[in-house]
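Quick notes on the structure that follows.
One-based numbering along the sequence shown.
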Amino acid sequence: QVQLVESGGGLVQTGGSLRLSCAASGRTFSSYAMGWFRQAPGKEREFVAAIRSSGYLYYSDSVKGRFTISRDNAKNTVYLQMNSLKPDDTAVYYCAAADGSRYGYTPTRDRSYDSWGQGTQVTVSS
């Protein structure tokens, strides 16, 4: 498994922006599919965005056009740029890593991911 550490969360007003980072350990980061999920109080964890080792991108409908996932393999880091934030985006955000070449890998499914970070809180005030 890979060790993941998120950072960049905080408090922001509606319409503001934040960039989350997720630093990964290990020498094979470039081969992993990486995902971002979030969990709001009283709700189930939900998919936000994912990026395969090939660079192929996936987004949930709720963030498409506002959030951008990217990766820097030289820095073993995946990012989530969040723009036009809304109060509904308030949640703990988690990054996750998966073997994207594994049979049955589904980018939007949290059970597809093997390693998880500790999470970072994002709060959007109205």
How would you list, by chain and number, every residue that makes a ring pair (Phe, Tyr, Trp, His ring centres under 6.0 Å) with Y32, sequence neighbours excluded?
none
What residues, two or more places apart in sequence or in another chain, satisfy ring pair (Phe, Tyr, Trp, His ring centres under 6.0 Å) together with F37?
F47, Y113, W116
Can you tell me which residue among S21, S70, C22 is in a side-chain contact (heavy atoms from CB on, under 4.5 Å) with V78?
C22
Determine the minimum heavy-atom distance between G8 and L18, stating which atoms define it.
O-CD2, 3.8 Å
Side-chain touch Y94/L4, heavy atoms, less than 4.5 angstrom
no
Are S60 and T108 side-chain neighbours, meaning at least one heavy-atom pair lies under 4.5 Å?
no
What are the two closest non-hydrogen atoms of K75 and T77, and how far apart are they?
O-OG1, 2.8 Å
Residues joined to V5 in its hydrophobic cluster, side chain to side chain under 4.5 Å directly or through other members, sorted by chain and number, are none
If you define the side chain from C-beta out and look only at heavy atoms, does anything of V2 sit under 4.5 Å from F29?
no
List for me each residue that meets ring pair (Phe, Tyr, Trp, His ring centres under 6.0 Å) alongside F67, sequence neighbours excluded, and say none if there are none.
none
Could you tell me which non-hydrogen atom of A40 sits nearest to which non-hydrogen atom of A91, and how far apart they are?
N-CB, 3.8 Å
Single-linkage hydrophobic cluster, 4.5 Å side-chain cutoff, Y58 and I51 together:
no
With sequence neighbours excluded, give me every side-chain hydrogen bond (donor to acceptor under 3.5 Å, both in side chains) pair touching residues 84-93.
R38-D89, R38-Y93, R66-D89
Please name the pair of heavy atoms, one in S30 and one in S53, separated by the smallest distance, quoted to 0.1 Å.
O-CB, 3.1 Å
Checking T106 side chain against G104 main chain: does a donor-acceptor pair fall under 3.5 Å?
yes
Going hydrophobic residue to hydrophobic residue with side-chain gaps under 4.5 angstrom, can you get from Y56 over to M34?
no
Any link between Y79 and I69 through a network of hydrophobic side chains (Ile, Leu, Val, Met, Phe, Trp, Tyr) touching at under 4.5 Å?
no
Output the distance between atom CG (L57) and atom OG1 (T68), rounded to the nearest 0.5 Å.
8.5 Å
Looking only at non-hydrogen atoms, find the nearest pair between L80 and A49 and report the distance.
CD1-CB, 4.2 Å
Can you tell me how far CD of Q39 sits from CD of E46, rounded to the nearest 0.5 angstrom?
9.5 Å
Test log, rule side chain to side chain contact (heavy atoms under 4.5 Å, CB included), inputs D99 and Y105:
CA-CA 8 Å; D99 177 359; Y105 167 71; over 6 Å; no
I'd like to check P107 versus R52 (side-chain heavy atoms, cut-off strictly below 4.5 Å). Are they in contact?
yes
Which heavy-atom pair separates S125 from L11 by the least distance, and what is that distance?
CB-CD1, 4.3 Å
So does Q118 get a backbone contact from the side chain of E6, meaning a donor-acceptor N/O pair under 3.5 Å?
yes
All salt bridge (Lys or Arg N to Asp or Glu O under 4.0 Å) counterparts of D114, not counting sequence neighbours:
R102
